Undergrad: 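If you scroll down you'll find the structure; I have some questions about it.
Because the structure is a prediction, the values reported are computed rather than measured. The basis for the numbers below is simple: all heavy atoms, side chains too, and nothing from hydrogens, waters or symmetry mates.
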Amino acid sequence: MPIVIKNGRVIDPASQTDRVADVLIVDGRIAGVAPNLASPRAEILDATGMIVAPGFVDMHVHLREPGFEHAETIESGARAAAAGGFTSVCCMPNTKPVNDSAMVTSYIVERARHMAVVNVFPIGAITKGSAGEELSAIGAMKAAGAVAISDDGLPVMNARVMRRAMEFARSYDLPVIQHCEDLNLSAGGDMHEGVQSVRWGLRGIPAASEDVMVARDLVLAQLTGARYHVAHISTRNAVAMVDHARRHGLPVTCEATPHHFALSDDRMAAYDSNYKMKPPLRSSCHRAAIVEAIAAGTVSAIATDHAPHPGSEKMQEFERCPFGIIGLETALSLAIEELVAPGKISLNRMVELFTTGPDAVVRLGRGTLAPGAVADVTVFSTEVSWTYDVNQSNSRSRNSPFDGKTFRGGPMATIVNGEIVWRRDRA
Ligand SMILES: [Zn+2]
């Protein structure tokens with residue numbers, strides 16, 4: 001059935017559109033963006049007072065399937081994505097088995113085709129088993145649908161291996177995504193190294209563990225010419241180095257997570273494992289640098305690093321519990337509250353960070369409302385008031401520091417391939 005999204009403010013950075021108009025969807029494609037569109041038998045979605053944007057892309061999630069279905073599945077993770085306004089997600093390879101072969105990549109693509117309400121694009125591992133030694137079957141994974149390579153969570157420590165990976169990635173025209181952490185510098189750390197870690201008596205992860213890896217990789221990116229992307233950037237020096245590389249014309253990009261621009265280590269609930277992630281929440285000075293880098297254009301994408309862990313694992317003492325939080329359902333609201341509402345960035349820039357920004361890295365061919373484009377659409381409001389109840393989450397996991405928080409602004413409806421896959425309940 002055709003859909004007409006009526007009367008919304010259409011923001012499409014790819015076509016430099018920002019005006020009140022209707023959006024007509026026919027046969028899963030955008031058929032037109034103009035005032036007063038109509039189509040017989042069309043379903044009407046009233047978007048008066050709302051923003052209508054290209055479908056949001058989250059280029060960094062963990063869906064946990066295959067292997068860790070007690071934490072998340074492709075089906076549940078995709079529903080959480082839809083409820084967060086995301087129409088496409090890229091899933092990291094740290095499953096069991098690791099996505100280091102065309103067989104696992106194909107399995108994820110097939111499962112997603114049957115189970116997922118949003119588009120799922122796998123990211124292949126850089127090395128076999130993400131063990132950091134032998135390169136995985138990069139070409140075969142790309143042929144099976146991988147859109148990037150990364151050993152996220154297990155950084156490639158050996159510079160020679162990383163150089164070879166970048167050379168291969170360049171020949172296959174894939175971006176290399178690095179979780180930047182020198183494991184020798186961060187070893188044993190549970191939170192950002194600084195005043196707060198001393199105060200709490202917890203072992204610190206120094207900012208330098210990220211900076212050292214970014215510095216090394218930028219040298220290798222220059223050597224190889226590979227497209228290189230820093231995942232979840234979190235330090236002042238790291239953004240300065242990425243900015244420097246970009247100014248010198250290197251094809252280097254980075255993403256920031258909502259928790260790194262919204263929170264800092266002085267705003268953590270003490271010993272609450274829902275504030276434990278990698279990279280850790282940094283000090284407010286680093287947080288300010290991330291916000292500045294988002295505003296300045298150094299950061300290309302907002303990505304959640306949605307990392308589900310079941311309660312049984314997260315409800316251990318701080319030092320023992322795993323790193324990571326879920327984030328798909330709160331990302332847009334945090335961006336509105338922390339970046340747009342205080343005037344750090346415009347609404348148009350925020351939409352870029354969720355659409356054309358990530359799409360320029362992983363090249364999904366999504367992220368626009370141009371006529372003929374696949375009808376992936378995110379409808380959201382900057383006014384709606386809603387409260388996040390993690391126990392109502394679509395995710396199988398509950399590890400969020402934002403449980404109980406009332407937000408102003410959030411997703412209203414999510415359309416994937418011309419189908420409405422999620423709508424906010426009218427209270
Ligand atoms: Zn990571």
Undergrad: Do you know which two heavy atoms are closest between Pro310 and Ser397, and how far apart they sit?
TA: N-OG, 3.6 Å
Undergrad: Test the Lys276-Phe323 pair against the cation-pi criterion, namely NZ or CZ under 6.0 angstrom from the six-membered ring centroid and within 45° of the ring axis.
TA: yes
Undergrad: Hey, what do you get for OG (Ser393) to CD1 (Ile326), rounding to the nearest 0.5 Å?
TA: 4.0 Å
Undergrad: Okay, side chain of Arg246, backbone of Val252: is any donor-acceptor separation there less than 3.5 Å?
TA: yes
Undergrad: Could you walk me through whether Thr235 and Asn237 satisfy the side chain to side chain donor-acceptor pair (under 3.5 Å) test, starting with their C-alpha distance in whole Å, then the side-chain angles of each, then the deciding distance to 0.1 Å, before giving a yes or no?
TA: CA-CA 6 Å; Thr235 71; Asn237 276 337; over 6 Å; no
Undergrad: Test of understanding: with salt bridge (charged side-chain N to carboxylate O under 4.0 Å, His left out), list the residues that count as partners of Arg396, not counting sequence neighbours.
TA: none
Undergrad: Testing the basics here: between Pro97 and Pro66, what is the closest heavy-atom pair and its distance to 0.1 Å?
TA: CD-CG, 4.1 Å
Undergrad: Evaluate the side-chain proximity of Ile345 to Val291: yes if any heavy-atom separation is below 4.5 Å, no if none is.
TA: no
Undergrad: Inspect the contact between Glu69 and Arg64 and indicate whether a charged nitrogen and a carboxylate oxygen are less than 4.0 angstrom apart.
TA: no
Undergrad: How about Phe168 and Ile149: do any of their side-chain heavy atoms sit closer than 4.5 Å?
TA: no
Undergrad: CD1 of Ile25 to CG of Leu45: how many Å apart, nearest 0.5 Å?
TA: 8.5 Å
Undergrad: Does Asn394 offer a backbone N or O that forms a donor-acceptor pair with the side chain of Glu329 under 3.5 Å?
TA: yes
Undergrad: Of all the heavy-atom pairs spanning Ser88 and Phe121, show the shortest one and how long it is.
TA: OG-CE1, 3.7 Å
Undergrad: Would you say the side chains of Asp151 and Thr127 form a donor-acceptor pair under 3.5 Å?
TA: yes
Undergrad: Does a salt bridge link Glu133 with Lys128, judged by any charged N lying under 4.0 Å from a carboxylate O?
TA: no
Undergrad: Check whether the side chains of Asn348 and Asp18 place a donor and an acceptor atom closer than 3.5 Å, and report yes or no.
TA: yes
Undergrad: Can you confirm whether more than 12 heavy atoms, excluding those of Glu319, are under 6.0 Å from its CD atom?
TA: yes
Undergrad: Main chain of Ile177, side chain of Ser150: is a donor-acceptor contact present, judged purely on distance under 3.5 Å?
TA: yes
Undergrad: Which atoms form the tightest heavy-atom contact between Tyr228 and Cys180, and what is the distance?
TA: OH-SG, 3.2 Å
Undergrad: Please determine whether side chain to side chain donor-acceptor pair (under 3.5 Å) holds for the pair Glu72 and Ser76, giving the CA-CA distance in whole Å, both sets of side-chain angles, and the decisive distance to 0.1 Å.
TA: CA-CA 6 Å; Glu72 195 76 288; Ser76 63; 2.5 Å; yes
Undergrad: Please check if any side-chain donor atom of Asp152 sits under 3.5 Å from a side-chain acceptor atom of His179, or the reverse.
TA: yes
Undergrad: Return the OG to CE distance between Ser186 and Met213, rounded to the nearest 0.5 Å.
TA: 9.0 Å
Undergrad: Should the pair His232 and His60 be assigned to parallel (<30°), tilted (30 to 60°) or perpendicular (>60°) ring geometry?
TA: tilted
Undergrad: Any non-hydrogen side-chain atom of Leu281 less than 4.5 Å from a side-chain atom of Ser264?
TA: no
Undergrad: Has the side chain of Thr224 got a donor or acceptor atom that lies under 3.5 Å from a matching backbone atom of Leu220?
TA: yes
Undergrad: Please determine if Arg408 and Glu383 form a salt bridge, counting it only when a charged side-chain N lies under 4.0 Å from a carboxylate O.
TA: yes
Undergrad: Quiz question: by atom type and distance under 3.5 Å, do the side chains of His62 and Asp305 form a donor-acceptor pair?
TA: yes
Undergrad: For a quick test of reading the model, state the closest non-hydrogen atom pair linking Ser400 to Val390 and the distance between them.
TA: CB-CG2, 4.0 Å
Undergrad: Under 3.5 Å, is there a donor-acceptor pair between the side chain of Ser333 and the main chain of Thr330?
TA: no
Undergrad: More than 12 non-hydrogen atoms from neighbouring residues, nucleotides or ligands closer than 6.0 Å to CZ on Arg170, yes or no?
TA: no
Undergrad: Taking side chain as C-beta onward, heavy atoms only, is Val361 less than 4.5 Å from Pro358?
TA: no
Undergrad: Can you find a pair of side-chain heavy atoms, one from Val351 and one from Phe380, that are under 4.5 Å apart?
TA: yes
Undergrad: Using a 6.0 Å cut-off, check whether atom CG of Asp27 has over 12 heavy atoms from anything other than its own residue.
TA: no
Undergrad: Got a donor-acceptor contact below 3.5 angstrom from the Thr387 side chain to the Thr406 backbone?
TA: no
Undergrad: When you check the side-chain N and O atoms of Asp58 and Thr304, is any donor under 3.5 Å from an acceptor?
TA: yes
Undergrad: Does the gap between the ring centers of Tyr275 and Phe318 come in under 6.0 Å?
TA: no
Undergrad: So does His260 get a backbone contact from the side chain of Thr257, meaning a donor-acceptor N/O pair under 3.5 Å?
TA: yes
Undergrad: Does any donor atom in the side chain of Arg236 or His286 lie under 3.5 Å from an acceptor atom in the other side chain?
TA: no
Undergrad: Whether Arg287 and Glu338 form a salt bridge (side-chain N of Lys/Arg under 4.0 Å from carboxylate O of Asp/Glu) is what I want to check.
TA: yes
Undergrad: Answer yes or no: does atom NZ of Lys344 have more than 12 heavy-atom neighbours from other residues, nucleotides or ligands under 6.0 Å?
TA: no
Undergrad: Between Ile325 and Pro401, is there a side-chain heavy-atom distance shorter than 4.5 Å?
TA: yes
Undergrad: Roughly how far, to the nearest 0.5 Å, is the CG atom of Asp22 from the CG atom of Leu37?
TA: 5.0 Å
Undergrad: What residues, two or more places apart in sequence or in another chain, satisfy side-chain contact (heavy atoms from CB on, under 4.5 Å) together with Lys96?
TA: Phe68
Undergrad: Whether the Thr368 and Asp12 side chains hold a donor-acceptor pair (N or O, under 3.5 Å, no angle test) is what I'd like checked.
TA: yes
Undergrad: Say whether, by atom type as modelled, one donor and one acceptor occur between the side chain of Thr414 and the main chain of Ala82 under 3.5 angstrom.
TA: yes
Undergrad: Specify the closest pair of heavy atoms between Ala335 and Phe261, including all atoms of both residues, with the distance to one decimal.
TA: CA-CZ, 3.8 Å
Undergrad: Who passes side-chain contact (heavy atoms from CB on, under 4.5 Å) against Ala47, sequence neighbours left out?
TA: Ile5, Met50, Val52, Val379
Undergrad: Do Asn417 and Asn119 have a side chain donor and acceptor closer than 3.5 Å?
TA: yes
Undergrad: If you count every heavy atom of other residues, nucleotides or ligands that lies below 6.0 Å from Met1 atom CE, does the total exceed 12?
TA: yes
Undergrad: Charged N to carboxylate O under 4.0 angstrom, Glu210 versus Lys278?
TA: no
Undergrad: Find the distance between CG (Leu332) and CE (Met412) and round it off to the nearest 0.5 Å.
TA: 11.0 Å
Undergrad: Give a yes-or-no answer on whether the side chains of Asp403 and Tyr388 include a donor-acceptor pair shorter than 3.5 Å.
TA: no
Undergrad: By the definition side chain to side chain contact (heavy atoms under 4.5 Å, CB included), identify the one residue from Ile123, Asn99, Val147 that meets it with Thr105.
TA: Asn99
Undergrad: Under 3.5 Å, is there a donor on one side chain and an acceptor on the other for Ser15 and Thr17?
TA: yes
Undergrad: Using only atom types and a distance under 3.5 Å, with no angle test, would you say the side chain of Glu43 pairs donor to acceptor with the backbone of Ile3?
TA: no
Undergrad: Answer yes or no: is there an ion pair linking Arg366 with Asp359, defined by an N-O contact shorter than 4.0 Å?
TA: no
Undergrad: Is the closest basic N to carboxylate O distance between Asp173 and Arg363 below 4.0 Å?
TA: yes
Undergrad: Would you check if Val214 and Val242 make a side-chain contact, meaning some heavy-atom pair closer than 4.5 Å?
TA: yes
Undergrad: Report yes if some heavy atom in the side chain of Trp386 is under 4.5 Å from a heavy atom in the side chain of Asp425; otherwise report no.
TA: no
Undergrad: Is the side chain of Ser136 donor-acceptor paired with the backbone N or O of Ala125 at a distance under 3.5 Å, no angle test?
TA: yes
